[in-house]
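Order of listing sets the numbers, starting from 1, for every ligand and every atom in it.
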Amino acid sequence: MSYLRYCLDCKKGIADLHVHSTASDGHYSPYELAKMAQRKGLQYLAITDHDTTAGLEQLENMKEPRLLEIIPGIELSTEYEGHEIHILGYSLDYNNTKLQDTLKTLAVARRERVYRIVKKLQEAGFMITIEDIKTHAVDAVSLGRPHVALALLEKGLVSSISEAFEKLLTKGRPGYVARYRILPQEAISLIIGAGGYPVLAHPGSGFDLKLLPILIKEGLLGLEVFYPQHNLEMQEYYYQIAQINNLLITGGSDFHGHEGNDNSFFGNIPIPAYTISLLTRTSKNR
Ligand code: AMP
Ligand code: FE
Ligand code: FE
Ligand code: ZN
């Protein structure tokens, strides 16, 4: 039974298509996420770590039979003329060499960036070390500011993760270091090259719609219409934009699982049945 007037085949509680694990900046391991999704009764889960597919490899090595189907995913951080744009990729062959070569470069750049952030913070009088950060990033292939924020919080140097970002880690603050980023066009072509579906993540988080035709021309296939920070008006708006442009309508919670986050959206975002059947048909065909 659908409850969205404009999306007749939308359902909640079947799938979550946007989730982060310990391979990037999530709190739970891929295995824990799979178990949690199963307990919630989800049938499909896409793990979409920032700039890494290491979490998917961890799940592949697990022999335990599962009712849950994992949709291979990723969320690539890109930049276009000063705009930060996140591109999700679904049902991709994550062993693709070109993709993995780029991910290796990004992982090294992210690691070096964290070293530079630590140095800048130390210079500004915040005494954290790279070891402090590593304790919050044991399985992280893709290091990021959230790991630094957690270390600052643990050391009592800030009183919350959001304070760490606002006071120290965003542009213009003492611990800010820009990240090496690829272009959204490159991200789209990498995902397509690996046989996946490129989808624009959370357009409501500051995406300039004027850029949409550029991404579509490059091969963008979907739009993340359903997202915790999209209110009903935004959902309807992006739903229309997706339809007009023939884009696949997706949704996901962007669950990171950290204490203090609103974690209630995990597995609780509407997703059209058509989207799931398309994404899973592709992964089964490999
Ligand atoms: P990075 O990829 O290292 O630049 O870090 C970006 C990640 O930090 C995002 O994907 C979010 O998970 C997280 N993040 C960004 N801004 C904030 C904020 N203000 N508070 C908490 N987490 C944030
Ligand atoms: Fe994140
Ligand atoms: Fe994102
Ligand atoms: Zn995300």
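- The number of heavy-atom neighbours closer than 6.0 Å to OH of Y176, taken from other residues, nucleotides and ligands shown, is above 12.
- Counting only N and O atoms by type, the side chains of H147 and D25 include no donor and acceptor under 3.5 Å apart.
- A heavy-atom cutoff of 4.0 Å around ligand 1 is satisfied by the protein residues D25, H50, R110, R113, G144, R145, P146, I161, F165, R179, H256.
- When NE2 of H256 and OD2 of D25 are joined through the Fe ion (ligand 2), the resulting angle is 110° to the nearest 10°.
- In summary, the side chains of E166 and S162 do not present any donor paired with an acceptor at a separation below 3.5 Å, with no hydrogens or angles considered.
- Residue Y227 is found outside any hydrophobic cluster, as its side-chain heavy atoms come under 4.5 Å of no other Ile, Leu, Val, Met, Phe, Trp or Tyr.
- Side chain to side chain, E84 and T78 fail the donor-acceptor criterion of an N or O pair below 3.5 Å.
- Using a 4.5 Å heavy-atom threshold, the side chains of Y239 and I249 count as touching.
- A ring-centre distance under 6.0 Å is found for Y238 and H230.
- Here the protein contributes E75 OE2, H86 ND1, H202 NE2 as N, O or S atoms under 2.8 Å from the Fe ion (ligand 3).
- Hydrophobic cluster membership for L150: V114, Y115, I117, V118, L121, F126, I128, I130, I133, L143, V148, L152, L153, L157, V158, I161, F165, L168, L169, V177 (Ile, Leu, Val, Met, Phe, Trp, Tyr linked by side-chain heavy atoms under 4.5 Å, directly or transitively).
- The shortest distance between side-chain heavy atoms of Y28 and M36 falls below 4.5 Å.
- A centroid separation of 6.0 Å or more is found between the aromatic rings of H27 and H136.
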